[in-house]
Chemist: 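Okay, here's the structure, questions in a sec.
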Amino acid sequence: MSFVTTTQAGPTAAGAGANATEAFRAGTVRRGSAQTGRERVDRVVRAVLAAVHGVIRDEEVTYPEFQAAKAWLMALGDVGEWPLFLDVFVEHEVEKVAEKHQQGSKGTIEGPYYLPDQVRLSTPATLPMRDDEKGETLLLSGQVRDLDGSPLAGAEIDFWQADADGYYSGFAPHLPDGNLRGLIVADEEGRFAITTILPAPYQIPTDGPTGALVSAAGWHPWRPAHLHLMVRADGHRQLTTQLYFDGGQWLDSDVAQATKDELVLHPERQPDGSSHVLHDFTLEPT
Ligand code: MBD
Ligand code: FE
């Protein structure tokens, strides 16, 4: 896929942003279409514009500020950071609406760095990683079940995470393709065991327009360390979620507002220095 080979020479905002834009475009079929009719377009877009107009009136936004906003939005598109910006600052609200009608394990936002078609591994699995991969070893194991508690044989866990420096493969050119990504197939009892490393917190790239906005506003650019998963089983709604770590920095101030108490893991340190944690998933039937 071209987006894993067209990155720049360093993990810059422009490299990550351009790849996230290309990954988003490549995922159009996977996500399906919205089928939004004229009445709804009219209603929703009018409401968005009315909200913007209200801010301009209330804050007495000036011409120079309006032109600066226009330049910033243009730059956001130029470097491909629309997926990054929208997933950090907007997706959490869409997810809250979706969640209202869902049962089973809690989901949260997908974010901009999912890549499909990663290596398929049967459980117990070790994620692809470099020989000298940094980071403490983490063993995540559990079971995928139906709402009624019955195990979901052969459930799939599509897994991706940042490395111990906070970078995602496919979005940082110094990382091998597929690093710390994989699709783990559970056993006949829906059980899975995944060996990986503890990721570092994620920082929005500071050298692009999203980072420039964050620093201009005096916000912090951090997400707490997290694992990403999509859990699938035939006849069940796919769960898209993330898992966080007890005591993790930025857990209470995630810039993407995507944490939930139910998603915080409490790994236990083993005598050999690795951490183990059990975490089960429940899927609702479609
Ligand atoms: C991430 O790694 C992420 O998970 C989200 C939601 C936004 C930006 C980067
Ligand atoms: Fe992430």
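Counting starts at 1 for both ligands and their atoms, in listed order.
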Chemist: If you round to the nearest 0.5 Å, how far is CG of D158 from CZ of R120?
Modeler: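 Atom-to-atom, R120:CZ and D158:CG are 9.5 Å apart.
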Chemist: If you measure from the Lys or Arg side-chain nitrogens to the Asp or Glu carboxylate oxygens, is any gap between D187 and R191 under 4.0 Å?
Modeler: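 The answer is no: the pair does not qualify as a salt bridge.
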Chemist: With the threshold set at 4.0 Å, does a side-chain nitrogen-carboxylate oxygen contact exist between E284 and K106?
Modeler: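 Salt bridge between E284 and K106, a charged N being under 4.0 Å from a carboxylate O: no.
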Chemist: Between side-chain atoms of residues 67-75 and protein atoms elsewhere (two or more places apart, or another chain), which donor-acceptor pairs fall under 3.5 Å?
Modeler:
unit_1, atom_1, unit_2, atom_2, d
Q67, OE1, K70, NZ, 3.1
W72, NE1, P209, O, 2.8

Chemist: To check your reading of the model: name the closest protein heavy atom to atom 6 (C) of ligand 1, its residue, and the distance in Å.
Modeler: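 The closest one turns out to be I109 CD1, 3.3 Å.
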Chemist: Does R31 qualify as a cation-pi partner of F24, given the criterion of NZ or CZ under 6.0 Å from the six-membered ring centre and within 45 degrees of its axis?
Modeler: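 Output yes; distance and angle both within limits.
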Chemist: N/O/S of Y168 less than 2.8 Å from the Fe ion (ligand 2)?
Modeler: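 So Y168 does bind the Fe ion (ligand 2) by this criterion.
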Chemist: What protein heavy atom is closest to atom 9 (C) of ligand 1, reported as residue, atom name and distance in Å?
Modeler: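 Going by distance alone, atom 9 (C) of ligand 1 is nearest to Y202 CE2, 3.2 Å.
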Chemist: List the closest protein heavy-atom neighbour of atom 2 (O) of ligand 1: residue, atom name, distance to the nearest 0.1 Å.
Modeler: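 In this structure, atom 2 (O) of ligand 1 has Y168 OH, 2.9 Å as its nearest protein heavy atom.
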Chemist: Heavy-atom pairs closer than 4.0 Å: do any link ligand 1 to the side chain of I204, the backbone, both, or neither?
Modeler: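 It is neither; nothing of I204 touches ligand 1.
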Chemist: So, regarding Y113 and ligand 1 (criterion: nitrogen or oxygen to nitrogen or oxygen, under 3.5 Å), is there a contact or not?
Modeler: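 For ligand 1, there is no N or O atom that lies under 3.5 Å from one belonging to Y113.
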Chemist: Specify the closest pair of heavy atoms between N179 and R130, including all atoms of both residues, with the distance to one decimal.
Modeler: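 That would be ND2-N, 3.3 Å.
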Chemist: Please indicate whether any nitrogen or oxygen in H226 is less than 3.5 Å from any nitrogen or oxygen in ligand 1.
Modeler: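 Right, the criterion is met.
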Chemist: Check each heavy atom of P112 against ligand 1 and say whether those closer than 4.0 Å belong to the side chain, the backbone, both or neither.
Modeler: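 Side chain only.
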Chemist: Below 4.0 Å from any atom of ligand 1, is there a heavy atom belonging to E110?
Modeler: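 No, E110 has no heavy atom closer than 4.0 Å to ligand 1.
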Chemist: So which protein heavy atom does atom 3 (C) of ligand 1 come closest to, and at what separation?
Modeler: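 Ranking protein heavy atoms by distance from atom 3 (C) of ligand 1, first comes R223 NH1, 3.5 Å.
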Chemist: Under 30°, 30 to 60°, or over 60°: which ring-plane class applies to F85 and F89, parallel, tilted or perpendicular?
Modeler: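 The arrangement is tilted - the two ring planes meet at 30° to 60°.
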